[in-house]
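Here is the structure we will look at, set down as structure tokens.
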Amino acid sequence: MERYNPQEIEKKWQQIWEKDQTFRAAPEGKDLPKNKKTPKVFLAEMFPYPSGAGLHVGHVRNFTIVDVLTRFYTQQQTNVLRPFGYDTFGLPAENYAIKTGISPQSATETNIHNFRKQLKRLGYAIDWSREINTSNPDYYRWTQWCFLQLYKKGLAYRKESYQWWCPVDQTVLANEQVENGHCWRCGTEVEKKKMKQWFFKITDYADELLADIDQLDWPDKIKTMQRNWIGRSEGAEIDFEVVDSKDFIKVFTTRPDTIFGATFLVLAPEHPLVSKLVNDDTKQKVDQYRTETLKKSEIERQENKEKTGVFTGSYAINPGTGEKIPIWVSDYVLMGYGEGAIMAVPAHDERDFEFANKFDLPVKQVIEKPEGSTDSDECYHGEGELINSGHFNGTRTEDAREQIVAWLHEQGIGEQKVTYRMRDWLISRQRYWGCPIPIAYDEDGNEYPIPEDQLPVIIPEVEDYKPDNTGRSALAKATDWLTFEMEVEDKKTGKKVKKTLTRETDTLDGYACSSWYLWRYVSPHDDKSAWNQEAISYWAPTDIYVGADHAVAHLLYIRFWCKFFADQGLLPFREPVKTLLYNGYINAPDGKKMSKSKGNVIDPLDVIDQGYGADTLRTYEMFIGPYDMDAAWDPKSVGGVYRFLNRCWNLCFGEERNAPSRKISDATRSVTASDTPVTTGVARGVSEKEALRLRHTTIKRVTDDIHRHNFNTAVSAMMEYVNELYKTGAEKEDLVTLAKLLKPFAPHLACEMLEKLDSDDVWPVWDEKYLVADTVELVVQVNGKLRAKITVSVDDLEDQEKIEKLALAEKNVQAFTKDGIKKVIYVKKAKLLNLVA
RNA sequence: GCCCGAGUGGCGGAAUUGGUAUACGCGUUCGACUUAAAAUCGAAUGGAAUCUUCCAUAUGGGUUCAAGUCCCAUCUCGGGCACCA
């Protein structure tokens, strides 16, 4: 008998798939073979950054989930689109270029080549005719086009502001890319730097992005994170008049009901009015405070939570009480949120209370603390009845919120307001290896978008990839590229004139490139549009999207672009991803994160080359545990999965004279020793009905498990099937069924089996009538405790009286029901009888 | 601090709506084959007691005929947010 040799059969089938282009999707459902049904499924993994290190086991888990589903739906005769691409812009390639002088273009090409080779060795059912690469000019041409659409609608704009700056990577970062005050890439502590930067106005869609979360079939974890990130607060905007001035200070508060308790105002250090509020006595101190705060890193601000601040010397009028209250400056108020100014109500807000304590400012209770509240006496932040609040005394705080805003509104100094924690998306990057922003400037700094027919703005080759010392990327060194002549409309005269312009040297955040790639997949070679309308309405939105990262950033941006392009009439849907699967990480055997420095990295290609093969690797990673949980690599368990596949092989390829087939004679058949393959132990024979039941139960279990994404238990079910077949012997139909069920997980082995069995791969369907056994084991409990198991025929399940009689005939049941039976509970569905004694 | 998850054998983990806890795999032990080992095949494997019972799903309560599953409290671990007014 031939032995299971993964090396040989995997190579064989990979060559066949390559030659036949097996996994090409039928374009827009056209040219579909007649036997193919019409439904489509569009699946994708989050495309990888092709690093020089090649695939790691985490990729394999992610891609195999998509592959199992791809093959499963394909076998179910669905028209499936499963493309692949590479997210190739980014710092690693650029840093590598700075170090070695090898261009990012060429390093990327090498890495993609390597990735593609490795992906093919894993036997993935990828439609290779749709491979995309974000740094290919044919692709980024359309990224630039997307930018221009946003620009035309005023959703891409430039503004000067303080931004997170990573001093090591020499670039600004989006809020989403700063983790605990550190750069998400290199871990360096970030700084604030004032710069003129490009933004996308994602905040225009804040409301819809929040509201539509409810309808997403996404993990709750991600949905909650997105809700928190958007951070909607309802409240009011209130104007406070500055004493002896015509200025008003706008504040945002979620608690307008506490306005009578506002005993001072606090402005953020960056607030534009601060310089007008100071006087000769306070100016120096305030200026000093402002400079110090700006220098302070975010880490320092977090570590030192003790309140700091200075008095401006000015006062405002509390519109509730009419009293004069002091205006302070403190860094606990953030310029980027609300109005950058607050009314401080120390009696009912812990932060304000702390500040008031430190600087000896008045504290005024305006809510009566209800009895039994565990809050401190001095600072109660719950609901209650208003006191010291003029004619609002006695009103419940919940009601007062609206009433007080209405009252302020009548006076023209207050209104309802919704504020979001989310800020606009900062997209400028001072880097070379990114998508150039298609904008140029004249000598006065006026912006000119590059016309769409002149795209792409190609990334020029340079000698030296280091950013220059002015904070500009290496693009600034490509002088031939940097300045050019273009016919533009003169801003004053409106006439067409030729002008010498300077290109923008910032490139787009890589997340911009990945915000639309799912739509490029539907028509990757279209040179007339970013995506073809007919193709997009057939394939998109993406039905199942699988990844393990980017809970807010990428998954929020892609939703934003989807809504924007839907508004432009370019997409016929408003959410890009129907179902999101968020898979867990694979850790080293010691449970720690795999990392090169710890030397605990498992290389998937090593696992294949050790002799296990791709099928074992794939099946193991599906068997390792629930797909959405982190898991630790266990080399011993890999061996267990290999043994399982070996047993599948042996069932099918056992020598002819020893083939594991049962004699089909009558209801109960036995297999004689000479019929039994050496490798499969002693077959003990089984009735035809039991054999059918086993087969159909397994089909149901595996099918349901894949639908529920319980890949680990799907593999278990197949293992049980094989174990059973080893005992009972297998008919050809069992082997065909096994091979079909196995194909999504171990496609090479399954194809080899199907070829030998001369079968197609159409996904099997179970028949309910075969799921029922002749006899079932019925559980007899007394007071909920298992006391006996009786075997009864299925027909008898209908006859409760008979069942009770049978149960009471059991010695053990009698022993526990000596004092009589008070109540009988019979659950037919659970095959359970509970006697209450 | 606030908001989510999760705690089941020696280990990874099963248990679809409350209904036989511990499927499947690893490990361990025994047996078969073998001169021997590996591989393979078969059997056993929660703990105690010993022939049929008791105790076990982080801990303590509760609801129920029946709880890993539902409710309350506590502990531990993981994740997210973190001066967002």
Side-chain angles (χ1 to χ4, degrees), chain A residues 3 180 219-229 231-233 235 251-255 258 266 301-302 305-307 330-334 336-345 349-352 354-355 419-423 551-552 589 591 620 623-626 628-641 643-644 646-647 650 676-682 701 704-705 708 710 712-720 722-723 726-727 777-789 811-812 815-816 822-827 829-837:
Chain A
R3 290 191 56 140
N180 278 323
D220 286 335
K221 188 174 103 184
I222 311 271
K223 296 212 263 187
T224 308
M225 280 168 73
Q226 294 213 348
R227 281 192 195 101
N228 291 342
W229 186 263
R232 183 189 150 100
S233 310
V251 307
F252 175 74
T253 178
T254 52
R255 294 298 301 269
T258 62
V266 187
R301 274 172 116 167
Q302 275 177 357
K305 282 205 178 164
E306 199 176 323
K307 298 278 180 289
S330 173
D331 65 1
Y332 85 91
V333 176
L334 310 172
Y337 185 76
E339 297 297 330
I342 60 156
M343 63 174 211
V345 185
D349 181 284
E350 275 172 47
R351 296 152 303 185
D352 299 344
E354 205 187 307
F355 194 83
T419 298
Y420 299 91
R421 211 193 71 117
M422 181 172 67
R423 320 283 156 86
V552 277
Y620 169 65
F623 183 64
I624 195 167
D628 56 349
M629 303 269 279
D630 289 353
W633 188 268
D634 178 5
K636 288 266 176 57
S637 288
V638 180
V641 171
R643 273 192 282 281
F644 160 64
N646 239 307
R647 282 158 77 87
N650 288 342
T676 311
V678 197
T679 46
T680 56
V682 182
R701 284 176 69 187
D704 287 350
D705 278 345
R708 285 196 300 263
N710 293 343
N712 55 331
T713 50
V715 176
S716 298
M718 288 187 279
M719 285 173 167
E720 284 181 63
V722 167
N723 290 347
Y726 255 57
K727 288 176 192 156
E777 197 169 62
L778 188 121
V779 169
V780 184
Q781 297 180 332
V782 178
N783 292 333
K785 285 206 162 145
L786 176 68
R787 294 304 175 195
K789 289 179 183 180
K811 250 194 220 159
N812 206 31
F816 283 90
K822 293 189 195 110
K823 200 172 162 190
V824 179
I825 286 141
Y826 177 53
V827 189
K829 211 174 144 195
K831 287 171 235 153
L832 175 140
L833 183 77
N834 190 14
L835 305 171
V836 185

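Quick caveat, the model's predicted, so the values are computed rather than measured. As a basis for the values below, the full set of heavy atoms in this structure was taken, side chains included, without hydrogen atoms, waters or symmetry mates. The sequence lines fix the lettering, A, B, ..., with proteins before strands; numbering per chain opens at 1.
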When rounded to the nearest Å, what value does the distance between [atom1] atoms of [N] and [M] take?
N: B/U63; M: B/C70; atom1: C1'; result: 8 Å
N: B/G47; M: B/U57; atom1: P; result: 15 Å
N: B/A67; M: B/G61; atom1: C1'; result: 14 Å
N: B/A21; M: B/C55; atom1: P; result: 13 Å
N: B/G18; M: B/U69; atom1: C1'; result: 6 Å
N: B/G79; M: B/U74; atom1: P; result: 23 Å
N: B/G9; M: B/A58; atom1: P; result: 8 Å
N: B/C41; M: B/G25; atom1: P; result: 11 Å

What is the distance, to the nearest angstrom, from the [atom1] atom on [X] to the [atom2] atom on [N]?
X: A/Glu350; N: B/A82; atom1: CD; atom2: C1'; result: 14 Å
X: A/Met629; N: B/U8; atom1: CE; atom2: C1'; result: 12 Å
X: A/Arg227; N: B/C2; atom1: CZ; atom2: C1'; result: 17 Å
X: A/Asp220; N: B/C81; atom1: CG; atom2: P; result: 17 Å
X: A/Asn783; N: B/U20; atom1: CG; atom2: P; result: 16 Å
X: A/Lys223; N: B/G5; atom1: NZ; atom2: C1'; result: 15 Å

Whether the side chain of [X] and the base of [N] hold a donor-acceptor pair under 3.5 Å is what I'd like checked.
X: A/Arg643; N: B/U40; value: no
X: A/Lys307; N: B/C83; value: yes
X: A/Asn228; N: B/C81; value: no

Protein-nucleotides 46-49 of chain B N/O pairs closer than 3.5 Å?
none

Nearest to the side chain of [X] - [options]?
X: A/Ile342; options: B/C41, B/A85, B/C54; answer: B/A85
X: A/Leu832; options: B/G19, B/C55, B/C83; answer: B/G19
X: A/Leu334; options: B/A82, B/G25, B/A85; answer: B/A85
X: A/Arg708; options: B/U16, B/U20, B/C81; answer: B/U16
X: A/Phe252; options: B/A85, B/G13, B/A66; answer: B/A85
X: A/Ile825; options: B/A39, B/A15, B/G19; answer: B/G19
X: A/Ser233; options: B/A85, B/A39, B/A23; answer: B/A85
X: A/Asn710; options: B/A85, B/G25, B/A15; answer: B/A15
X: A/Asn834; options: B/C83, B/A15, B/G19; answer: B/G19
X: A/Ala830; options: B/U17, B/G19, B/U52; answer: B/G19

For A/Arg647 and A/Asn723, what are the C-alpha separation, side-chain angles and deciding distance, and is it a side-chain hydrogen bond (donor to acceptor under 3.5 Å, both in side chains)?
CA-CA 9 Å; A/Arg647 282 158 77 87; A/Asn723 290 347; 3.0 Å; yes
Minimum side-chain heavy-atom gap A/Leu778-A/Tyr826 below 4.5 Å:
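In contact.
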Decide yes or no for A/Val836 and A/Asn783: does some side-chain heavy atom of the first lie under 4.5 Å from some side-chain heavy atom of the second?
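A side-chain contact exists here, since the closest heavy-atom pair is under 4.5 Å.
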Identify whether the glycosidic angle of B/G9 places it syn (within 90° of 0) or anti.
syn
Mind checking if [X] touches a base, just sugar-phosphate, or nothing, with heavy atoms under 4.0 Å?
X: A/Lys829; value: base
X: A/Ile624; value: sugar-phosphate
X: A/Lys785; value: sugar-phosphate

Ignoring hydrogens and angles, tell me if any N or O in the side chain of A/Tyr620 forms a donor-acceptor pair with the backbone of A/Asp634 under 3.5 Å.
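Yes; at least one donor-acceptor contact below 3.5 Å.
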Does A/Asp349 reach the main-chain N or O of A/Asp352 with its side chain, forming a donor-acceptor pair under 3.5 Å?
yes
Could I get a table of every N or O pair under 3.5 Å where one atom is in the protein and the other is in nucleotides 60-62 of chain B?
none

Please confirm whether the shortest side-chain N or O distance from [X] to OP1 or OP2 of [N] is below 4.0 Å.
X: A/Lys636; N: B/G10; answer: no
X: A/Arg787; N: B/C54; answer: yes
X: A/Tyr332; N: B/A85; answer: no
X: A/Arg701; N: B/C24; answer: no
X: A/Arg647; N: B/C41; answer: yes
X: A/Asn712; N: B/A23; answer: no
X: A/Lys221; N: B/C4; answer: no

Complementary nucleotide of B/A15, counting Watson-Crick and G-U pairs under 3.5 Å
none
Return the nucleotide paired to B/A73: Watson-Crick means purine N1 to pyrimidine N3 with N6-O4 or O6-N4, wobble means G-U with N1-O2 and O6-N3, both under 3.5 Å.
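B/U59 is the nucleotide pairing with B/A73.
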Cationic tip of A/Lys307 above A/Tyr332 ring, under 6.0 Å, 45° of axis:
yes
